[in-house]
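Notes follow once the structure below has been shown.
Basis for what follows: all heavy atoms, side chains included, without hydrogens, waters or symmetry-related copies.
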Amino acid sequence: MLDRLPTFKVPIRIIFVTGVPEGATGKLQRIGLADRLATALVVAHEAPASDTERLVAATICEVLGRETVGRNDNFFSLGGDSLRATQVLTRLQHALGLPIPVPTIFRCPTPALLANKLELMREPEIDVLAAELEKLPPEERARLLNDL
């Protein structure tokens, strides 16, 4: 079912509760529900594990004006929005020297996910092709290179 929904309608987290507060008439009392669920929404702080994660977390800290950001903290749950997401990506593009599509941060909203995606983007495809060419027998390799 989730594959049929637009990305923005797929929940990031689902929290199971034993009950939702109701008023005297039986209506759900949504006011103050976020405050009551605040403890369930807190993500345990885990420090960034790699250099790329530290760069992403530091950039998010800078843009959002926060002191710390954990590797599993969601950028948008921390107060980020589309404008700030663009600022984060622009700063990361300058630091890493590679183009980063804007939807990347929406698909990878935590430093751990974003850093992993950026590391995959940094791997030069030419090195992968060269390694695959080296595995081929010399005559096959020569034939392929001549066809280019």
Side-chain angles (χ1 to χ4, degrees), residues 1-22 28-138 140-142 144-145 147-148:
M1 176 156 142
L2 294 179
D3 58 338
R4 295 188 308 224
L5 289 174
T7 307
F8 68 90
K9 288 190 175 185
V10 176
I12 294 170
R13 292 178 60 194
I14 298 173
I15 299 172
F16 294 97
V17 296
T18 55
V20 179
E22 296 178 356
L28 298 179
Q29 292 185 340
R30 293 181 292 175
I31 297 174
L33 187 59
D35 294 335
R36 293 177 187 169
L37 296 176
T39 56
L41 294 172
V42 173
V43 177
H45 180 78
E46 190 176 336
S50 69
D51 289 338
T52 309
E53 282 184 22
R54 282 188 279 281
L55 174 65
V56 171
T59 306
I60 291 172
C61 282
E62 186 179 317
V63 170
L64 295 182
R66 299 181 63 90
E67 287 188 29
T68 61
V69 171
R71 69 185 308 261
N72 296 314
D73 290 342
N74 186 299
F75 172 77
F76 299 101
S77 296
L78 296 174
D81 54 33
S82 59
L83 181 60
R84 289 185 175 129
T86 306
Q87 292 173 346
V88 168
L89 293 179
T90 300
R91 292 174 190 200
L92 289 171
Q93 285 181 42
H94 289 294
L96 298 172
L98 78 138
I100 306 169
V102 174
T104 305
I105 197 165
F106 293 95
R107 294 187 184 112
C108 306
T110 68
L113 292 173
L114 186 54
N116 185 45
K117 181 69 172 175
L118 295 176
E119 287 169 0
L120 291 174
M121 292 170 68
R122 288 172 74 179
E123 291 180 6
E125 291 180 9
I126 195 75
D127 289 348
V128 174
L129 291 174
E132 290 300 316
L133 279 173
E134 289 298 316
K135 294 178 185 176
L136 296 174
E140 179 78 15
R141 187 177 336 136
L144 284 172
L145 291 173
D147 290 344
L148 294 176

(request) Please report the closest heavy-atom contact between Ser50 and Glu119, naming both atoms and the distance. (result) OG-OE2, 3.6 Å
(message) Restricting to non-hydrogen atoms, name the atom on Arg71 and the atom on Ala47 that form the minimum distance, rounded to 0.1 Å.
(response) CD-O, 3.4 Å
Distance-only donor-acceptor hits, side chain of residues 92-104, under 3.5 Å, sequence neighbours excluded:
unit_1: Gln93; atom_1: NE2; unit_2: Ile100; atom_2: O; d: 3.2
unit_1: Thr104; atom_1: OG1; unit_2: Pro101; atom_2: O; d: 2.8

(message) Rounded at 0.5 Å granularity, tell me how far CZ in Arg66 sits from CG in Leu78.
(response) 4.5 Å
(message) Arg122 vs Thr52, test: side chain to side chain contact (heavy atoms under 4.5 Å, CB included). Steps then yes/no.
(response) CA-CA 11 Å; Arg122 288 172 74 179; Thr52 309; 3.9 Å; yes
(request) Any chance you could lay out the side chain to side chain contact (heavy atoms under 4.5 Å, CB included) test for Leu118 and Met121, step after step, and finish with the verdict? (result) CA-CA 5 Å; Leu118 295 176; Met121 292 170 68; 4.1 Å; yes
(message) Distance check, rounded to the nearest 0.5 Å: Leu114 atom CG versus Arg107 atom CZ?
(response) 12.5 Å
(message) Ignoring hydrogens, what is the shortest heavy-atom contact between Phe75 and Asp81? Give both atom names and the distance.
(response) CE2-O, 3.7 Å
(message) Give me the atom names and distance for the closest heavy-atom approach of Arg84 to Leu64.
(response) CD-CD2, 3.4 Å
(request) Search all heavy atoms of Ile60 against all heavy atoms of Pro111 and return the closest pair with its distance. (result) CD1-CG, 4.0 Å
(message) Applying side chain to side chain donor-acceptor pair (under 3.5 Å), can you list everything that pairs with Arg54, at least two apart in sequence or on another chain?
(response) Asp51
(message) Holding to side chain to side chain donor-acceptor pair (under 3.5 Å), I want the full list of residues that pass it with Asn74, two or more places apart in sequence or in another chain.
(response) none
